[in-house]
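Worksheet: one structure, shown below.
Only this structure's heavy atoms are used, side chains among them; waters, hydrogens and symmetry mates stay out. As the structure lists them, so they are numbered: ligands from 1, and atoms in each ligand from 1.
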Amino acid sequence: MVLDSPGTPLREAELTDPEAGPGQVLIAVDACGVCRTDLHVVDGELPEPKLPLVPGHQVVGRVVEGGERFRAGDRVGVPWLGWTCGECRYCRTGRENLCDRARFTGYQLDGGYAELVTADERFCFPVPEGYEDLQAAPLLCAGLIGYRALRLSGDAERLGLYGFGASAHIVVQVARHQGRRVFAFTRAGDEEAQAFARGLGAEWAGSALGPAPEELDAAIIFAPAGELVPAALAATAKGGTVVCAGIHMSDIPSFPYELLWGERVLRSVANLTRHDGEEFMGLAPRVPVRTEVEAFPLTEANEALARLRAGEVRGAAVLRVAA
Ligand SMILES: [Zn+2]
Ligand SMILES: [Zn+2]
């Protein structure tokens with residue numbers, strides 16, 4: 001499924017099979033998760049994607065042609081971070097997620113909305129046993145970047161999650177496993193999402209713009225809505241952190257300094273490092289994280305994106321690629 005131009009639907013196309021270059025593996029895709037970032041790419045909210053582009057950066061598949069790290073037949077995951085330079089000041093200080101020349105899967109590199117994909121094997125992960133392909137796919141970004149956001153929110157006991165989609169439905173499970181209390185904030189009246197959150201261990205779920213039941217020690221904002229930033233700061237106790245976990249957000253309205261005062265921290269989380277991936281892939285089966293997915297055939301990628309845009313997906317949307 002190919003994006004020719006932002007703002008237009010993906011097109012079903014027969015492409016020439018990709019060939020693995022040096023250091024790459026050729027992968028037969030079994031499943032590919034649909035991420036909100038894919039929507040931002042398709043809708044033209046992220047600048048200068050490769051065009052035409054095969055989107056998708058939560059790829060689970062089997063190696064067809066190996067490099068050195070993986071053999072033919074191995075199950076691997078391909079995440080958003082597809083390549084880094086290894087030389088810039090970020091790469092040299094353990095912050096490859098901020099690499100100046102990083103390339104991202106399904107953005108600057110063709111991704112997993114396809115039957116075949118190539119990837120730099122250094123950036124692929126083994127997929128933990130015990131997960132079907134469809135259930136494993138959301139671990140690759142919703143899980144990974146959600147986990148990074150959780151880590152950077154500090155050791156908060158009372159954690160607020162704003163927007164209860166693919167990422168939050170994984171993060172709530174990890175947070176509960178770590179002994180935290182979780183409060184889920186959704187669109188007003190979205191009772192289905194609120195019930196879903198409570199079912200996964202949130203002790204409270206309610207409207208994001210209404211009052212919180214008690215102070216939070218940290219909040220993670222997954223929804224791309226800037227007005228949630230002052231709302232989350234207002235709900236967070238002194239010294240607490242508000243993490244913006246998305247790659248794109250509408251403008252943040254101005255707010256009184258009082259909301260930030262008291263050593264509250266407001267920060268974003270960008271991308272992932274390979275270290276995050278290894279840590280999270282080790283942790284997920286121990287929690288154990290159970291993902292809830294809504295599966296679509298590859299050719300219905302536009303439908304999957306439309307449902308995600310409308311906020312209608314429960315858990316994570318995943319494209320089923322292998323027959
Ligand atoms: Zn770099
Ligand atoms: Zn993503």
Seminar exercise, completed: Counting only protein N, O or S atoms and ignoring waters, those under 2.8 Å from the Zn ion (ligand 1) are Cys85 SG, Cys88 SG, Cys91 SG, Cys99 SG
For this session: Compute the centroid of each ring, for Phe123 and then for Trp80, and state whether the two points are separated by less than 6.0 Å.
Result: no
Exercise. Do the non-hydrogen side-chain atoms of Val242 and Ile221 ever get within less than 4.5 Å of each other?
Worked result: yes
Exercise. Does any N or O in the side chain of Gln108 come within less than 3.5 Å of the main-chain N or O of Phe104, such that one atom is a donor and the other an acceptor?
Worked result: yes
For this session: Locate the shortest heavy-atom distance separating Leu308 from Val313; write the atom from each residue and the value.
Result: N-CG2, 3.8 Å
Exercise. Listed by chain and number, what are the side chain to side chain contact (heavy atoms under 4.5 Å, CB included) partners of Arg95, not counting sequence neighbours?
Worked result: Tyr90, Thr93, Asn97, Leu98
Exercise. With sequence neighbours left out, what residues match Glu203 under side chain to side chain contact (heavy atoms under 4.5 Å, CB included)?
Worked result: Arg181, Phe183, Glu214
Problem set entry | the Zn ion (ligand 2) neighbourhood, protein N/O/S only, threshold under 2.8 Å | Cys35 SG, His57 NE2, Cys141 SG
Exercise. Side chains of Gln194 and Thr186: is there a donor and an acceptor less than 3.5 Å apart?
Worked result: yes
Exercise. Is Asp43 salt-bridged to Arg309, cutoff N-O under 4.0 Å?
Worked result: yes
Exercise. Can a donor-acceptor pair be found between the side chains of His177 and Gln173 at a distance below 3.5 Å?
Worked result: no
